[in-house]
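Since we're looking at a predicted model, the values are computed, not measured. All chains are named by letter (A, B, ...) in the order of the sequence lines, taking the proteins before the strands, and each is independently numbered beginning at 1.
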There are 2 protein chains.
Amino acid sequence: MAKGTVRLADVAKAAGVSQGTASNVFSRPDVVREEVREHVLETAKRLGYAGPSLTGRLLRAGKVNAIGVAAVEPLAYFFDDPWARALLAAVSQVCDASGTGLALVSAKDRQTLDWNIKSALVDGFILLCVEGGEKLVQLTRERQLPFIALALNDDDPSIASISVDNLGGAAVAARHLAELGHKRFGVLATELSDDHVGPVGVAEIERAIYSTSRDRALGYWQALEAFGIRRENVPIYETTNDKPSVEAGLDFLFSAPEPPTAILAMSDNIALLAINWLRARGLSVPQDVSVIGFDGVPEGGMVEPGLTTMAQPFAEIAQRAVKAVLEDAVPVEREMIDVTLVVRGSTAVPKDNR
Amino acid sequence: MAKGTVRLADVAKAAGVSQGTASNVFSRPDVVREEVREHVLETAKRLGYAGPSLTGRLLRAGKVNAIGVAAVEPLAYFFDDPWARALLAAVSQVCDASGTGLALVSAKDRQTLDWNIKSALVDGFILLCVEGGEKLVQLTRERQLPFIALALNDDDPSIASISVDNLGGAAVAARHLAELGHKRFGVLATELSDDHVGPVGVAEIERAIYSTSRDRALGYWQALEAFGIRRENVPIYETTNDKPSVEAGLDFLFSAPEPPTAILAMSDNIALLAINWLRARGLSVPQDVSVIGFDGVPEGGMVEPGLTTMAQPFAEIAQRAVKAVLEDAVPVEREMIDVTLVVRGSTAVPKDNR
DNA sequence: CTTTCGATTTGAATCGATTCAATATCGATA
DNA sequence: TATCGATATTGAATCGATTCAAATCGAAAG
């Protein structure tokens, strides 16, 4: 069952033609006379030839016809994390259309990741930089293949990247809630710096190392201050985007003397966890508390009530990213993409305003 | 930014060593004197050498160190379908542990699939045979690489495959409900034959072409008949595992004069859709209707109430499948794996028994 | 009976590494 | 000083295909 040992040369010899002709039979069938072609194909079948070996072909062509998607996470991340999943589904679609293969590359520890990136058989990489982005970029650079970084938390302009307008999007989200009449807010943040969970103040935000989270916070502030709400009065809790830290964050926010009526979550994942927590505590969404997320993952539209969120245009991001990698036409400048407000059932006018 | 044109030979020449030594510097650094090694590495860096090209290495080694997962579905299926996702997450975990790469291979139309399978750079395949399994197996066979079929709807013993005990599992599921006291059942089936949706009778089940669905039906019957419920009195509706067909199925089942108090769903996906439908109709689960699924996808544990289901041991399936492919030790016989009943909140004693 | 042209076919070079038998080097031992 | 071993390095063969300039063939044109 293992790969047969029949080579193209064997087929050629058995069929009594040159190796060049035999090769043409498989890769450019039109140039060889039908009679000969059929004879060669027949011989090939008789010998159990499995078709031109990819590696041989590859060696000359130099193209693999596949792109790699990489992240500093366990492989299962691609199937577990809602954002990664939504993005990959979109990337898949684009790849499908262009006949490009998809390889998943990842690892949690640097050593393995290094090796995995070095040895992935791909023509280029899409980097999911949610965490450890710099590391990822650096490793990928060494490989000297085209790559594009998504959600990069770094302002280095020499790195080709596509990101969403975090600041603007966050501002729209906060404005949406403020316009509904909310006055007391609570923010559940994605990671601002490594290895930290818990309440953070203005100073911590300003020197956050992850620009995605920082910009979202700045966007919230900017919009809220236009409604006369000072940033010092908006409690922010930094989570690690998982259940325990989100619940700790909610414990914190709702233990305040005047708990928030609106939650600004920096990811849909956090928002969905928050909604579950609130419900379990007997608080209804959106009657008692409004929740807005960020990302626009499909799950947000499938729960009851639907999650109001700032949706990323996954299809467009995927389109551009795949194109950039495939054509090695990485954008000279960093591309910035807008997010759009999607209003569903998880936000409403606050109770005391009705 | 494109792949540099610096070859190992160039580095060797520039460093004044033989190509053999240069090769050893990269692939067997321990055999070359430190002094020489450093000099070569330095030269390589100076020239901008990107490290040994994978294709060159590959050509000799013959191993890619990656496995492909294939399905007759659009690529996005891997990220959208709960069962596929659960399985892939498990496969990922195993691959991670053994440093194996993962490539996704798929296509909806035969032509593309053919090409994709032929050109995937992998050492073997795991086939997701939920649909179009035979086609998939046939195509993969031509590639002459080790492969193993999962969820194969075919009894051909010459195809190495791992499947779960559908008949036994279904029997356990039905028995669980019958023991709770249910008397009136409705079955929402996964596909029994191509291009058919709607109510099916005993005869159709017996000549179903998809053995997975057939076996589950047979299992239900077997258990129910032990409780004195005749198979003719158990309405079965064939769905295509998607929302419209499941809802049509529920419309059918609940338009009966004596609607069921228990739903046997052949997939968790169907079960979850069913629960949503029931709730929207004002029927509460499990008070008014009990629902049991099949598969044990993670989502089932994250909804409220939790879904009672027959759980597949994804980790074990993945483990065996990856191992079989990697070691080309495909089982001589078809492997059969047990499923286990996981009782959560979606099943209970029927109303009229309390 | 040549020429000429187009369509096929051939044979050898090439892609970029790894591998291994053969050789070179050098210090230690007899 | 000659010999032996261990270690390091070399050079050529090899993996399995593609590619392209040159050779061949047949038929049509002169």
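- Straight-line distance from the CZ atom of B:Arg7 to the C1' atom of C:dC15: 9 Å, rounded to whole Å.
- Each end of the helix from C:dC1-D:dG30 to C:dA30-D:dT1 yields a helix axis from five base pairs, and these two axes differ in direction by 60° (to the nearest 10 degrees).
- B:Ser98 pairs by the side-chain hydrogen bond (donor to acceptor under 3.5 Å, both in side chains) definition with B:Thr100, not counting sequence neighbours.
- Checking B:Leu113, B:Asn116, B:Leu127 one by one against B:Leu139, the side chain to side chain contact (heavy atoms under 4.5 Å, CB included) holds for a single residue, B:Leu113.
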Can you check nucleotides 12-14 of chain D for protein contacts, nitrogen or oxygen pairs under 3.5 Å, and list what you find?
{"from": "D:dT14", "atom 1": "O2", "to": "B:Arg60", "atom 2": "NH1", "distance (Å)": "2.1"}

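- Regarding A:Asp10, its CG atom lies at a distance of 10 Å from the C1' atom of D:dG16, rounded to whole Å.
- At a threshold of 4.0 Å, the pair B:Glu316-B:Arg320 counts as salt-bridged, since one of the basic side-chain nitrogens sits closer than that to a carboxylate oxygen.
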Would you give me the side-chain donor-acceptor pairs under 3.5 Å for residues 14-26 of chain A, sequence neighbours excluded?
{"from": "A:Ser18", "atom 1": "OG", "to": "A:Gly20", "atom 2": "N", "distance (Å)": "3.2"}
{"from": "A:Ser18", "atom 1": "OG", "to": "A:Thr21", "atom 2": "N", "distance (Å)": "3.1"}
{"from": "A:Ser18", "atom 1": "OG", "to": "A:Thr21", "atom 2": "OG1", "distance (Å)": "3.3"}

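- Partners of A:Phe125 by ring pair (Phe, Tyr, Trp, His ring centres under 6.0 Å), not counting sequence neighbours: none found.
- The distance between atom NE2 of A:His39 and atom P of C:dT9, rounded to the nearest whole Å, is 12 Å.
- When the C1' atom of C:dT8 is taken as reference, atom CD of A:Glu34 falls 14 Å away, rounded to whole Å.
- Across the protein-nucleic acid pair, B:Arg57 atom CZ and C:dT19 atom C1' stand 13 Å apart, rounded to whole Å.
- In this structure, A:Arg33 does not reach the C:dT8 phosphate: none of its side-chain N or O atoms is under 4.0 Å from OP1 or OP2.
- Distance from the side chain of B:Val32 is smallest to D:dT9 among D:dT9, D:dA17, C:dG11.
- Applying the 4.0 Å criterion to OP1 and OP2 of C:dT9, one finds that A:Thr21 has every side-chain N and O outside that range.
- Residue B:Leu8 contributes atom CG, which lies 14 Å from atom C1' of D:dT10 at whole-angstrom precision.
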Practice task
Walk me through it: do A:Val72 and A:Leu128 pass the test side-chain contact (heavy atoms from CB on, under 4.5 Å)?
Solution key: CA-CA 8 Å; A:Val72 188; A:Leu128 268 35; over 6 Å; no
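- Two residues, A:Ser23 and B:Ala22, neighbour DNA chain D, and the one matched to the more 5' nucleotide by heavy-atom proximity is B:Ala22.
- Distances from the side chain of A:Val17 to the nucleotides C:dA17, D:dA17, C:dT10 place C:dT10 closest.
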Exercise for the section: List the protein contact pattern of nucleotides 21-27 of chain D with one symbol per nucleotide (5' to 3'): B for base contact, S for sugar-phosphate-only contact, - for none; contact means a heavy-atom distance under 4.0 Å. Expected result: -------
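- A:Arg143 places a side-chain N or O within donor-acceptor distance of the main-chain N or O of A:Ala120, the cut-off being under 3.5 Å.
- Under the salt bridge (Lys or Arg N to Asp or Glu O under 4.0 Å) criterion, the residue pairs touching residues 9-29 of chain A are A:Arg7-A:Asp10, with sequence neighbours excluded.
- Applying the side-chain hydrogen bond (donor to acceptor under 3.5 Å, both in side chains) test to every pair with at least one member in residues 118-132 of chain A, sequence neighbours left out, gives these pairs: A:Asp114-A:Lys118.
- Atoms SG and CG, from A:Cys95 and A:Leu102 in turn, are 5.0 Å apart once rounded to the nearest 0.5 Å.
- For C:dA17, one of the phosphate oxygens OP1 or OP2 lies less than 4.0 angstrom from a side-chain nitrogen or oxygen of B:Tyr49.
- To the nearest angstrom, P of C:dT8 lies 10 Å from CZ of A:Arg37.
- With hydrogens and angles ignored, the 3.5 Å screen pairs no side-chain donor or acceptor of B:Asp295 with any backbone N or O of B:Val297.
- Rounded to an integer number of Å, the gap from NZ of A:Lys118 to P of C:dA17 is 14 Å.
- Contact check of residues 24-31 of chain A against DNA chain D (heavy atom, cut-off under 4.0 Å) returns A:Ser27.
- In this structure, B:Asp195 has no side-chain hydrogen bond (donor to acceptor under 3.5 Å, both in side chains) partners at least two apart in sequence or on a different chain.
- For residues 71-83 of chain B, the salt bridge (Lys or Arg N to Asp or Glu O under 4.0 Å) pairs, not counting sequence neighbours, are B:Glu73-B:Lys108.
- In this structure, B:Ser53 does not reach the C:dG16 phosphate: none of its side-chain N or O atoms is under 4.0 Å from OP1 or OP2.
- Looking at residues two or more places apart in sequence or on another chain, you find no ring pair (Phe, Tyr, Trp, His ring centres under 6.0 Å) involving B:Tyr210.
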